[in-house]
Amino acid sequence: MVWKVYQKLLSTYGKQNWWPAETPFEVCVGAVLTQNTNWQNVEKAIENLKSHNLLFPEKILSTPLPLLQSLIKPAGFYKQKANYLKNLSLFIVENGGLETLKKENLQTIRKKLLKVKGIGRETADSILLYALNKKIFVIDAYAKRLFYRLGITQKENEPYENLRTLVETEFNRHNASIEDYKEFHALIVKHCKEICRKTPDCKICNLKTSCMLK
DNA sequence: ATCCTGGGCC
DNA sequence: GGCCCGGGAT
């Protein structure tokens with residue numbers, strides 16, 4: 001079922017080629033800044049950091065907190081997120097940088113990431129998949145909503161790990177690649193932003209034949 | 001007025 | 001489980 005949804009979304013929208021970023025560290029920063037925030041506003045914050053040449057963990061650490069806060073203000077929740085960015089940057093530096101961290105086992109990195117204050121499951125898995133190229137699926141509010149509406153899940157607030165396991169089990173049965181993991185999450189975001197919104201636009205939805213909403 | 005690719009804290 | 005954080009676009 002989940003695999004068919006992926007195929008349908010892929011043929012509808014085509015490849016998304018996520019994550020939009022120039023470096024793995026930019027992915028990490030974006031993953032934190034986009035927490036409960038429109039990506040449009042995240043782009044403004046990232047542009048501010050770029051124009052000050054701060055998109056490096058060491059630079060984030062040496063930036064005075066008030067300046068960091070003001071630069072990321074467009075992304076909202078700027079006081080907590082400034083601290084989150086410093087926590088994450090410190091973690092990366094202490095682990096010898098992203099390239100070194102990448103060599104470690106997925107579950108080892110995930111456990112360590114989740115101990116960083118400000119890095120929850122979705123943010124950790126986004127970093128693992130898109131910055132460290134690890135095979136793990138990212139669940140977000142869109143995926144929860146979409147799967148519930150399609151009838152794949154019964155509860156609207158199905159626990160994160162249940163959904164992740166659901167997708168990964170089926171994807172592995174189909175010998176899915178890391179690219180498939182990346183594309184599916186990106187496609188879910190695109191579909192839910194444009195069609196399967198809070199108030200869905202079912203008339204123009206390509207998934208409606210297999211959707212419980214109809 | 002509502003919504004946005006959540007997470008921490010109680 | 002509920003509440004708070006928050007600017008920007010619509």
Side-chain angles (χ1 to χ4, degrees), chain A residues 2 5-6 9-10 13 15-21 24 26-49 65-91 110-132 134 136-150 153 155-164 166-168 180-201:
Chain A
V2 169
V5 171
Y6 169 51
L9 290 175
L10 191 55
Y13 302 110
K15 292 189 72 174
Q16 303 299 303
N17 297 311
W18 267 30
W19 184 293
E26 187 179 333
V27 174
C28 298
V29 171
V32 168
L33 292 180
T34 198
Q35 290 170 1
N36 202 34
T37 298
N38 194 307
W39 182 256
Q40 242 182 321
N41 295 341
V42 175
E43 286 181 319
K44 299 175 192 300
I46 289 184
E47 268 316 302
N48 288 341
L49 294 173
L65 193 56
L67 174 60
L68 184 58
Q69 289 178 347
S70 70
L71 292 175
I72 67 169
K73 193 165 284 188
F77 304 115
Y78 59 94
K79 290 180 183 173
Q80 10 176 341
K81 284 178 181 175
N83 289 325
Y84 294 173
L85 287 181
K86 280 187 176 284
N87 295 342
L88 180 58
S89 298
L90 181 60
F91 169 79
R110 190 171 197 258
K111 275 182 196 162
K112 292 203 284 189
L113 269 175
L114 289 174
K115 284 185 197 163
V116 179
K117 192 178 294 181
I119 309 300
R121 283 175 294 230
E122 180 179 344
T123 307
D125 293 342
S126 297
I127 291 171
L128 284 163
L129 179 61
Y130 293 105
L132 300 177
K134 299 288 184 181
I136 191 162
F137 191 70
V138 179
I139 298 296
D140 59 1
Y142 287 149
K144 288 186 178 180
R145 185 169 76 204
L146 179 65
F147 292 167
Y148 176 65
R149 286 178 174 175
L150 289 171
T153 52
K155 287 177 295 192
E156 191 152 13
N157 223 18
E158 189 73 26
Y160 187 96
E161 299 299 344
N162 290 1
L163 285 171
R164 190 168 66 80
L166 174 76
V167 174
E168 290 182 359
D180 291 318
Y181 277 64
K182 292 181 178 176
E183 284 300 325
F184 190 32
H185 174 64
L187 286 163
I188 289 172
V189 172
K190 181 173 181 64
H191 179 66
C192 292
K193 275 171 79 170
E194 296 177 0
I195 312 290
C196 200
R197 303 183 302 248
K198 195 157 238 177
T199 50
D201 201 347

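Lettering of chains follows the sequences in order, A, B, ..., and the numbering in each one begins at 1.
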If we ignore hydrogens and angles and just use 3.5 Å, is the side chain of [X] paired with the main-chain N or O of [Y] as donor and acceptor?
X: Q35(A); Y: I119(A); result: no
X: T34(A); Y: A31(A); result: no
X: R164(A); Y: R121(A); result: no

Are any non-hydrogen side-chain atoms of [X] and [Y] less than 4.5 angstrom apart?
X: L33(A); Y: K81(A); value: yes
X: C28(A); Y: Y130(A); value: no
X: I72(A); Y: N48(A); value: no
X: Y6(A); Y: E183(A); value: yes

* Do the charged groups of D125(A) and R110(A) touch, with an N to O distance under 4.0 Å? -> yes

* Asked: Do any of residues 69-83 of chain A sit with a heavy atom less than 4.0 Å from DNA chain C, and if so which?
  -> K73(A), P74(A), A75(A), G76(A), F77(A), Y78(A), K79(A), Q80(A)

* May I ask you to list the residues of residues 37-47 of chain A, by number, that have any heavy atom positioned under 4.0 Å from an atom of DNA chain C? => T37(A), Q40(A), N41(A), K44(A)

* Asked: Mind checking which nucleotides bracket the chain A contacts on DNA chain C, 5' to 3', with an atom under 4.0 Å from a heavy atom?
  -> dC5(C) to dA9(C)

In whole Å, I'd like the distance from the [atom1] atom of [X] to the [atom2] atom of [N].
X: L88(A); N: dG6(B); atom1: CG; atom2: P; value: 17 Å
X: D140(A); N: dC4(B); atom1: CG; atom2: P; value: 11 Å
X: Q35(A); N: dG6(B); atom1: CD; atom2: P; value: 8 Å

* To do: Mind listing the closest non-hydrogen atom pair of N41(A) and P74(A) along with its distance?
  => CB-O, 3.1 Å

* Asked: With sugar-phosphate meaning primed atoms plus P, OP1 and OP2, does T123(A) contact a base, only sugar-phosphate, or nothing at under 4.0 Å between heavy atoms?
  -> sugar-phosphate

* What distance separates R149(A) CZ from C196(A) SG, expressed to the nearest 0.5 Å? -> 4.0 Å

* **Euclidean distance for P, dG7(B) against dG8(C) (whole angstrom)** => 23 Å

* Asked: Does Y78(A) have any ring-ring contact (aromatic ring centres under 6.0 Å, His included) partners at least two apart in sequence or in another chain, and if so, which?
  -> none

* Which of parallel (below 30°), tilted (30 to 60°) and perpendicular (above 60°) describes Y181(A) and F137(A)? -> perpendicular

* Applying side-chain hydrogen bond (donor to acceptor under 3.5 Å, both in side chains), name anything that partners E43(A), two or more places apart in sequence or on another chain. => W39(A)

* **Contact residues, residues 186-198 of chain A to DNA chain B [heavy atom, < 4.0 Å]** => V189(A), K193(A), K198(A)

